[in-house]
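Chain A is the first sequence line, chain B the second, and so forth, proteins listed ahead of strands; every chain is numbered from 1. We use all heavy atoms of the structure for the numbers below, so side chains are in, but hydrogens, waters and symmetry mates are not. This one's a predicted model, so the numbers in the text were calculated from it and none came from an experiment.
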2 protein chains.
Amino acid sequence: MEKTKIELSEQCHMSMKAISDVQDLMGGKWKYLIISSLYFLDKMRFMDLKRQIGTIAPKVLSKELKDLEVNHLIIRTVCNTKPITVEYELTTLGRSLHKIITAMAEWGIDYRSTVLK
Amino acid sequence: MEKTKIELSEQCHMSMKAISDVQDLMGGKWKYLIISSLYFLDKMRFMDLKRQIGTIAPKVLSKELKDLEVNHLIIRTVCNTKPITVEYELTTLGRSLHKIITAMAEWGIDYRSTVLK
DNA sequence: GTAACTAATTACCAAAAGGTAACTATCTTA
DNA sequence: TAAGATAGTTACCTTTTGGTAATTAGTTAC
């Protein structure tokens with residue numbers, strides 16, 4: 001009894017620390033949207049992302065992309081094209097977020113169809 | 001070709017709107033931790049939650065619980081016990097977040113063991 | 001040669017989020 | 001009767017987040 005209780009709370013504690021880590025990496029208004037854009041659309045340029053996400057300010061997009069890059073969730077590649085272009089894409093680590101992304105998307109779609117009318 | 005491209009971006013757009021909805025409900029530093037505590041530990045009282053989560057201020061916990069309650073993710077029950085106690089537990093809607101919760105927990109645990117050595 | 005597109009950066013500002021500390025009110029235990 | 005637990009609330013303050021608007025610098029199309 002005592003033992004199961006302790007094991008449960010160990011498991012719980014571990015999961016909560018893990019969730020905290022995820023929040024540290026993915027906190028804020030935009031990161032899941034950026035990651036999911038790249039998950040659905042593969043390689044995207046700065047302006048592609050801006051247009052896809054809609055209302056994000058360039059300053060904010062730039063900052064969010066840097067955060068994601070330093071945490072190795074995306075990679076930034078400068079292409080020496082006609083006007084210089086920059087491509088962003090998920091790393092293997094970034095792609096490994098797909099379970100979270102799809103769980104969120106599914107839940108949100110469900111929520112929309114059941115709760116919001 | 002044209003058609004698949006449009007369908008992909010419709011799907012993508014829908015998913016992103018869904019993810020936005022989830023962020024609106026679950027934004028901030030504490031909500032996933034509260035929900036996951038209740039997911040692992042079932043019914044919890046205010047002080048249980050505070051101790052489990054650790055560093056959260058009572059003011060903040062109180063506000064977060066209200067947010068979750070108005071969005072029907074948790075229910076608050078006042079028990080008329082010796083000293084008055086209040087129990088919080090997940091609603092069916094709140095429990096339906098489990099895929100997101102477990103995906104986050106798994107990813108975070110994996111991240112800890114691989115990336116953070 | 002001027003307008004437009006690329007990928008940002010900069011300065012400035014408002015609002016939101018979250019923390020600290022103290023306090024309330026009710027009840028129980030030593 | 002004072003301490004300690006229950007569940008919060010209040011005032012105050014700092015930090016973070018995110019938005020606006022203008023600007024930069026390079027390239028290209030008209």
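If you measure from atom CZ of A/Phe46 to atom C1' of C/dT6, you get 10 Å, rounded to the nearest angstrom. Computed from coordinates, the B/Asp24 CG to D/dT17 P distance equals 17 Å when rounded to whole Å. Residue A/Ile56 contributes atom CD1, which lies 14 Å from atom P of C/dA7 at whole-angstrom precision. Remark: P of C/dC5 and CG of A/Asp48 are 14 Å apart, rounded to the nearest angstrom. Spacing between atom NZ of B/Lys63 and atom P of D/dT10 amounts to 16 Å, rounded to whole angstrom units. Between the C1' atom of C/dA11 and the NZ atom of A/Lys59 lies a distance of 9 Å, rounded to the nearest Å. Rounded to whole angstrom, the span from the CE atom of A/Met47 across to the P atom of C/dA7 amounts to 6 Å. What separates CD of B/Glu64 from C1' of D/dT9 is a distance of 16 Å, to the nearest Å.
Between C/dA8 and A/Arg76, a contact under 4.0 Å exists linking OP1 or OP2 to a side-chain N or O. Distances shorter than 4.0 Å separate none of the side-chain N or O atoms of A/Arg45 from OP1 or OP2 on C/dA8. At the phosphate of D/dT9, OP1 or OP2 sits under 4.0 Å from a side-chain N or O atom of B/Ser62. Listed pair B/Lys66 / D/dT9 meets the phosphate criterion, a side-chain N or O lying under 4.0 Å from OP1 or OP2.
Across all strands, B/Lys29 comes closer than 4.0 Å only to sugar-phosphate atoms, never to a base (heavy-atom distances).
Across all strands shown, the partner of D/dT16 is C/dA15, judged by Watson-Crick or G-U wobble contacts whose two distances both fall under 3.5 Å.
Under the 4.5 Å side-chain heavy-atom criterion for ILVMFWY residues, a single connected hydrophobic cluster contains both A/Leu49 and A/Val78.
Distances from the side chain of B/Trp30 to the nucleotides D/dA7, C/dG19, C/dA8 place C/dG19 closest. With D/dG18, C/dT6, C/dA8 as the candidates, the nucleotide lying closest to the side chain of A/Pro83 is C/dT6.
Closest approach of A/Ala18 to B/Ile109, counting heavy atoms only: CB-N, 3.6 Å. Closest of all the heavy-atom pairs between B/Met16 and A/Ser37 is CE-OG, 3.1 Å. A pairwise comparison of heavy atoms in B/Ile84 and B/Cys79 identifies CG1-O, 3.7 Å as the closest pair.
A donor-acceptor distance shorter than 3.5 angstrom exists from the side chain of B/Gln23 to the backbone of A/Lys29, with no hydrogens or angles considered.
For the pair B/Val60 and B/Arg51, both in contact range of DNA chain D, the more 5′-proximal nearest nucleotide belongs to B/Arg51.
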